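Below is one structure; the comments refer to it alone.
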Amino acid sequence: AIIRELGGIPIVANKINHSNQSIKEKALNALNNLSVNVENQIKIKVQVLKLLLNLSENPAMTEGLLRAQVDSSFLSLYDSHVAKEILLRVLTLFQNIKNCLKIEGHLAVQPTFTEGSLFFLLHGEECAQKIRALVDHHDAEVKEKVVTIIPKI
């Protein structure tokens, strides 16, 4: 709690991008330990989404992101009860990846993505249904984002 209150979570999360593998590993271990605290989990989810958004803006990172193994619970981030800040970030993540796939010509050589990968989650019907359901979201900004994404589903 003290680390969170002093603004330490973003500092630790930023070390995940460090060039030194040992520092990356220690940052991931620290975030794992910090995630035991329920209040820290929200902050860590936001920091992880910021990192994913940064990566998703780079077409060269698209294939690596799509190969990442992701628990199916990731799709719960697309539920209407999720905080607006998080919801807008995961919608933007989806949009960025779709845009990068378009730029890359759907990845010139079609790689094979395994079941459980981010590709399978984002291109599955469950994800499409969750995004379509957000058209009725109470927040205008979320609705607007969804309307721009729906043609890409």
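Since this is a predicted model, take the numbers as computed values, not measurements.
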Polar side-chain atom of Asn58 near backbone of Ala60 as donor-acceptor pair, under 3.5 Å
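Side chain of Asn58 to backbone of Ala60, a donor-acceptor pair under 3.5 Å: yes, one is there.
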
Measure from the side-chain N and O atoms of Asn14 to the backbone N and O of Pro10, and report whether any donor-acceptor pair falls under 3.5 Å.
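Side chain of Asn14 to backbone of Pro10, a donor-acceptor pair under 3.5 Å: yes, one is there.
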
Find the distance between [atom1] ([X]) and [atom2] ([Y]) and round it off to the nearest 0.5 Å.
X      : Y      : atom1 : atom2 : result
Asn40  : Ile3   : CG    : CD1   : 8.0 Å
His123 : Leu101 : NE2   : CG    : 5.5 Å
Leu55  : Thr62  : CG    : OG1   : 10.0 Å
Cys127 : Glu125 : SG    : CD    : 9.5 Å

Taking atom [atom1] of [X] as the centre, does the number of heavy atoms from other residues, nucleotides or ligands within less than 6.0 Å exceed 12?
X      : atom1 : value
Gln129 : CD    : yes
Lys26  : NZ    : no
Glu144 : CD    : no
Lys45  : NZ    : no
Lys15  : NZ    : no
Lys145 : NZ    : yes

Does the pair Ile97 and Leu118 meet the rule for a side-chain contact (heavy atoms from CB on, under 4.5 Å), with working shown?
CA-CA 10 Å; Ile97 288 174; Leu118 184 60; 3.9 Å; yes

Ignoring hydrogens, what is the shortest heavy-atom contact between Asp71 and Leu121? Give both atom names and the distance.
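Here Asp71 and Leu121 meet closest at O-CD1, 3.6 Å.
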
Which heavy atom of Val135 sits nearest to which heavy atom of Lys143, and what is that distance?
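Closest pair (atom of Val135, atom of Lys143, distance): O-CG, 3.3 Å.
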
Test log, rule side-chain contact (heavy atoms from CB on, under 4.5 Å), inputs Leu87 and His137
CA-CA 11 Å; Leu87 197 49; His137 196 272; 3.6 Å; yes

In a check of side-chain contact (heavy atoms from CB on, under 4.5 Å) between Lys84 and each of Val82, Ile86, Leu88, which one passes?
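Answer after filtering Val82, Ile86, Leu88: Leu88.
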
Let me check something: do [X] and [Y] share a hydrophobic cluster, defined by ILVMFWY side-chain heavy atoms less than 4.5 Å apart, either directly or through other members?
X     : Y      : result
Ile16 : Ile23  : no
Val46 : Ile11  : no
Leu93 : Ile150 : yes

Any idea how Phe74 and Tyr78 line up, ring-wise: parallel (<30°), tilted (30 to 60°), or perpendicular (>60°)?
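Rings of Phe74 and Tyr78: perpendicular, over 60°.
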
